[in-house]
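Following: one structure in structure tokens, then a few remarks.
The first residue of the sequence shown is numbered 1, and numbering continues consecutively from there.
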Amino acid sequence: MSELLTFLGAVLRSPGGVGAVAPSSRALGRCMVEAAAPAAGHTVVELGAGTGPVTEVLADVVDPARLLVLEPDAELAARCRARVPGVDVQERFAQELPALVAERGWSGVDRVVSSLPFAAWSPSLQTEVFDAIEAVLAPDGRLVTFTYAHSPWLAAGRRARATLEARFAQVRTTPVVWGNVPPAFVYVCDRR
């Protein structure tokens with residue numbers, strides 16, 4: 001219950017920044033990580049970790065030394081750190097990704113796993129974040145991000161999908177994860 005209260009506090013502080021009504025389910029986390037398909041040695045970045053349900057699944061398959069997690073909300077980041085000790089959780093924004101990757105001496109990242117609410121954002125903010133992702137994503141890299149099952153029927157959801165298709169060579173979707181509130185599916189976006 002305290003996780004939900006922490007999450008709802010973040011929603012009240014920044015509804016457009018969180019863009020969700022509840023933390024992601026473990027089922028959605030598993031779907032996202034399976035879709036990302038990180039391999040041994042891959043460098044992975046998670047954006048918008050919230051309380052850490054997806055981080056927890058990532059930590060089961062990614063070397064912590066090759067995993068960077070960004071969550072700008074201090075309370076959510078603290079909850080994520082407590083949930084997944086030993087993982088590098090930074091209270092930073094996605095736009096700072098190129099500098100953070102450079103600080104670590106990484107040449108780039110292989111996978112970006114995002115829970116950011118792209119459809120809720122202005123086109124200019126979307127552009128800033130996608131530019132940062134593209135600046136660090138390997139030529140054969142992959143972005144996975146989720147949206148709610150009703151998103152394709154909304155203008156903002158259609159615009160977000162069009163943005164993904166304009167920036168990535170291939171965009172496909174997973175089946176709907178019914179065990180999430182609300183139900184969601186994952187976009188799997190490959191650079192080539």
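- Counting heavy atoms from C-beta on, the side chains of Arg104 and Asp88 come closer than 4.5 Å.
- Put simply, CD on Gln95 and CG on Leu47 are 9.5 Å apart, with the number rounded to the nearest 0.5 Å.
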> Taking it one step at a time, do Gln90 and Leu68 satisfy side chain to side chain contact (heavy atoms under 4.5 Å, CB included)?
Replying inline: CA-CA 8 Å; Gln90 297 287 315; Leu68 171 63; 3.7 Å; yes
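- The two residues Ala35 and Val188 have their closest heavy-atom pair at CB-CG2, 3.6 Å.
- Both tests do not hold together for Arg159 against Trp121: distance to the six-membered ring centre under 6.0 Å, angle to the ring axis within 45°.
- For Gln126 (side chain) and Phe118 (main-chain N/O), a donor-acceptor pair under 3.5 Å exists by modelled atom type.
- Judged by distance alone, the side chain of Arg191 and the main-chain N or O of Phe168 form no donor-acceptor pair under 3.5 Å.
- Linking ILVMFWY side-chain heavy atoms closer than 4.5 Å, directly or via other members, places Val44 and Val61 in a single hydrophobic cluster.
- With Asp190 contributing its side chain and Arg142 its backbone, the two residues share no donor-acceptor pair below 3.5 Å.
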> Checking side chain to side chain contact (heavy atoms under 4.5 Å, CB included) for the pair Met32/Ser115: CA distance, chi angles, key distance, verdict?
Replying inline: CA-CA 9 Å; Met32 291 182 78; Ser115 297; 4.1 Å; yes
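- If you run side chain to side chain contact (heavy atoms under 4.5 Å, CB included) between Val112 and each of Asp110, Val109, Leu116, only Val109 comes through.
- Ala132 and Ala94 make their closest contact through CB-O, 3.5 Å (heavy atoms, listed as atom of the first residue, atom of the second, distance).
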>> Under the criterion side chain to side chain contact (heavy atoms under 4.5 Å, CB included), I'd like the reasoning laid out for Arg26 against Val57: C-alpha separation, chi angles, the key distance, then a yes or no.
In response: CA-CA 8 Å; Arg26 186 152 176 90; Val57 179; 3.4 Å; yes
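- Counting heavy atoms from C-beta outward, Trp106 and Leu100 have side chains that stay 4.5 Å or more apart.
- Considering all non-hydrogen atoms of both residues, Ala27 and Gly179 come closest at CB-O, 4.3 Å.
- Judged by distance alone, with hydrogens and angles left aside, the side-chain atoms of Thr145 form a donor-acceptor pair with the main-chain N or O of Ser114 at under 3.5 Å.
- Contact between Ala156 and Ala119 at its shortest, heavy atoms only, is CB-O, 3.2 Å.
- Taking Arg167 as the reference, Asp131, Glu134 meet the side-chain hydrogen bond (donor to acceptor under 3.5 Å, both in side chains) condition, with sequence neighbours excluded.
- Between Glu46 atom CD and Arg111 atom CZ the span is 15.0 Å, to the nearest 0.5 Å.
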>> For a side chain to side chain contact (heavy atoms under 4.5 Å, CB included) check, start with the C-alpha distance between Tyr187 and Leu143, then their side-chain angles and the critical distance, and finish with the verdict.
In response: CA-CA 8 Å; Tyr187 285 120; Leu143 164 72; over 6 Å; no
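- Residues Arg81 and Glu91 are paired through a salt bridge, judged by an N-O separation under 4.0 Å between the basic side chain and the carboxylate.
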Can I get a per-line list of side-chain donor-acceptor pairs under 3.5 Å for residues 169-177, giving both atom names and the distance, sequence neighbours left out?
residue, atom, partner, partner atom, Å
Thr174, OG1, Val186, N, 3.0

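- Separation of atoms CZ (Arg66) and CG (Leu58) is listed at 14.5 Å; rounding is to 0.5 Å.
- Atom CG of residue Leu154 and atom OG1 of residue Thr147 lie 8.5 Å apart, to the nearest 0.5 angstrom.
- Taking both residues in full, the closest heavy atoms of Cys80 and Gly52 are given as SG-CA, 3.7 Å, listed atom of the first, atom of the second, then distance.
- Within the 3.5 Å criterion, the main-chain N or O of Ser25 finds a donor-acceptor partner in the side chain of Asn180.
- Within the 3.5 Å criterion, the main-chain N or O of Pro152 finds no donor-acceptor partner in the side chain of Arg161.
- Using cut-offs of 30° and 60° on the angle between ring planes, the pair Tyr148 and Phe146 is perpendicular.
- From His150, atom NE2 reaches atom CZ of Phe185 across 10.0 Å, with rounding to the nearest 0.5 Å.
- Atom CG in Leu125 sits 10.0 Å away from atom CZ in Phe130 (nearest 0.5 Å).
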